[in-house]
Amino acid sequence: MKSLATHALALSMLVVAPPALGGGTADAIYYNGTVLTINDRQPTAEAVAVKDGRILAVGSKAEVLKTAEQNTRRIDLGGKTLLPGFVDSH
């Protein structure tokens with residue numbers, strides 16, 4: 001099983017804070033923690049869904065779980081905080 005750090009690194013390559021629900025079926029859903037979005041209008045969320053290496057949905061757990069299907073990986077954050085990636089330019 002991949003570590004939380006590996007998942008955070010994978011998410012660090014994604015665009016932060018897309019529209020709340022983008023439509024489609026998620027490959028993975030991260031939930032049960034605090035998701036920092038770095039979006040002033042929605043600074044935190046309960047869950048985030050990912051499809052094809054891009055954020056599909058950000059919002060409440062109930063909203064984001066609507067993007068799941070049988071093969072969607074569900075990653076329980078266990079109350080931890082998921083941060084966007086930080087890239088140092090030097």
Side-chain angles (χ1 to χ4, degrees):
M1 182 173 185
K2 294 181 181 178
S3 71
L4 185 58
T6 302
H7 289 292
L9 178 61
L11 285 176
S12 72
M13 295 182 278
L14 304 174
V15 176
V16 176
L21 290 173
T25 302
D27 296 328
I29 294 176
Y30 298 82
Y31 67 97
N32 195 23
T34 300
V35 178
L36 298 182
T37 67
I38 315 301
N39 176 345
D40 289 338
R41 286 186 244 152
Q42 181 186 11
T44 63
E46 293 178 341
V48 61
V50 179
K51 179 176 180 69
D52 298 326
R54 299 189 62 102
I55 294 177
L56 175 67
V58 175
S60 72
K61 180 180 171 184
E63 288 175 327
V64 173
L65 284 175
K66 290 177 185 176
T67 66
E69 67 173 5
Q70 181 179 352
N71 295 327
T72 300
R73 289 181 303 135
R74 291 164 177 86
I75 296 95
D76 186 340
L77 296 173
K80 295 178 180 161
T81 299
L82 183 65
L83 303 170
F86 297 96
V87 180
D88 191 354
S89 64
H90 59 277

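The first residue of the sequence shown is numbered 1, and numbering continues consecutively from there. Just so it is clear, the values below take in all heavy atoms, side chains as well, and ignore hydrogens, waters and symmetry mates.
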Point to revise | Under 3.5 Å donor-acceptor, Q42 side chain and N39 backbone | key: no
Review point. Out of V64, L77, V48, D76, which residue meets the side-chain contact (heavy atoms from CB on, under 4.5 Å) rule with Y31?
Key: D76
Practice item. Could you grab the distance from atom CG of D27 to atom OG1 of T67, nearest 0.5 Å is fine? Key: 9.5 Å
Check your understanding: Can you list the residues that meet the side-chain contact (heavy atoms from CB on, under 4.5 Å) rule with E69, with sequence neighbours excluded?
Key -> T25, N71, T72
**Study point:** Shortest non-hydrogen contact from R74 toward A68
**Key:** NH2-CB, 3.2 Å
**Study point:** Non-neighbouring partners of T44 that pass side-chain contact (heavy atoms from CB on, under 4.5 Å), sequence neighbours left out
**Key:** T34, L36
Check your understanding: Nearest heavy-atom pair of A49 and A26: which atoms, and what distance?
Key -> CB-CB, 3.7 Å
